[in-house]
Amino acid sequence: MNLKKSFLAGLALAMAAGTLISTSAQAQKDWPTKSIQLVVPFAAGGPTDSIARLIAVPMGQALGQTVVVENVNGAGGTIASTKVARAAPDGYTIYIHHMGMATANALYDKLPYDPMTSFEYIGQVADVPMVLLGKKDLPANNFKELEAYIKANGAKVTMANAGPGAVSQLCGLLFQSRLGVKLTNIPYKGTGPALTDLLGGQVDLLCDQTTQTIPYILDGRIKAYGTTTMKRLPAIPNVPTLNEQGMKGFEVKVWHGVYAPKGTPQPILDKINAALKKALNSPDVKKRLEDANIDIVPASKINAKALKDHLESEINVWGPVIRKANIPD
Ligand code: MLT
């Protein structure tokens, strides 16, 4: 009797598990049946948000469901990374983040997630150059004058960033470390609001990506003192690189990747990957990125292995640089 009972109970369990497995397999096959959330770790209106919104539309078209951007701001992107690492691995939460995924490790004592084990990797997206910017009425008109101005004014000079883990913070503090000065660093929830304050003259300096900044540089609403690239940028050829102005080897190119929570089933990851490839191949997306001098990665890099390998190598590159530059201050 007891044996029979336990056999029946076991059978019921096995059937339930079978149903679960087949439902899950069916769900993977049918995915997506509702909208997908694309988490962005910085404020709306900033560079990461812009790239996310640019790819969200064609990705949604490829998948047959809307891809909705959700901004989860704060702590240089680590709040969003934690949220995604803990989200249900069902394909309805995906994530775009830049190289902050690699630098946060060296900036925070203990992260609630591990960039190398808490996520599934979908593919790289684009590499974005940065520019050292100043407010319009800053007296310095070029890099040399900026150096002199900073040396004369020290901590009276303010520099905006998007918090520890943000590339604007990394770039700004590398710049200060090279100059041997400490400015007053002002954190924002993203460089979208930081750029608004730079345009309004409330803050003196900001190192930001080219995604939104080129039109303001061209029309003189902000000053550009140098790019973080080895070659000058075609859209702003009169702006010298920081490298050619004495900051030898000063190079920061902001790479981006798309992720999902660990355990997201492979068939779903494959569909997201195909949609991402399609989005990055769309003429509208290409044009918008090219106009901002952003490099779309080649198709060979839009895959899990390339993204994971790149992330690992970037953790190894930036860890020593950050520690040597004594960031955060
Ligand atoms: C943003 O989207 O606001 C930026 O990517 C933040 C940053 O500087 O990392």
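Values reported hereafter were calculated over all heavy atoms of this structure, with side chains retained and with hydrogens, waters and symmetry mates removed. Counting starts at 1 for both ligands and their atoms, in listed order. Here, residue 1 is the first one in the sequence, and each next residue gets the next number.
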Identify the closest protein heavy atom to [atom]: which residue and atom is it, and at what distance?
{"atom": "atom 3 (O) of ligand 1", "value": "Thr191 N, 2.7 Å"}
{"atom": "atom 8 (O) of ligand 1", "value": "Ser168 OG, 2.6 Å"}
{"atom": "atom 2 (O) of ligand 1", "value": "Thr48 OG1, 2.6 Å"}

Go through it in stages, so that I can follow the logic: the residues are Asp208 and Thr191, the test is side chain to side chain donor-acceptor pair (under 3.5 Å), and I'd like the CA-CA distance, side-chain angles, deciding distance and then a yes or no. CA-CA 7 Å; Asp208 198 10; Thr191 54; 2.9 Å; yes
For the residue pair Thr33 / Tyr92, report whether a side-chain donor-acceptor contact shorter than 3.5 Å exists.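 Yes, Thr33 and Tyr92 have a side-chain donor paired with an acceptor closer than 3.5 Å.
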Test item: side-chain donor near acceptor, Tyr113 and Thr78, under 3.5 Å: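 Thr78 and Tyr113 do not have a side-chain donor-acceptor pair below 3.5 Å.
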Any idea which part of Gln169 is under 4.0 Å from ligand 1, heavy-atom wise: side chain, backbone, both or neither?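 Near ligand 1, Gln169 shows nothing, with every heavy atom at 4.0 Å or more.
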Can you hop from Leu311 to Ile272 via hydrophobic side chains spaced under 4.5 Å?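 Yes, same cluster.
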Could you tell me which atoms of ligand 1, counted from 1 in the order shown, lie closer than 4.0 angstrom to a heavy atom of Ala162?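 So the atoms of ligand 1 that pass are 6 (C), 7 (C), 8 (O).
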All ring-ring contact (aromatic ring centres under 6.0 Å, His included) counterparts of Trp318, not counting sequence neighbours: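 Counting only residues at least two positions away or on another chain, Trp318 forms no ring-ring contact (aromatic ring centres under 6.0 Å, His included).
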Report yes or no: does a heavy atom of Gln209 sit under 4.0 Å from some atom of ligand 1?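 Contact present.
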Below 4.0 Å from ligand 1: does a non-hydrogen atom of Pro47 turn up there or not?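 Contact check Pro47 vs ligand 1: positive.
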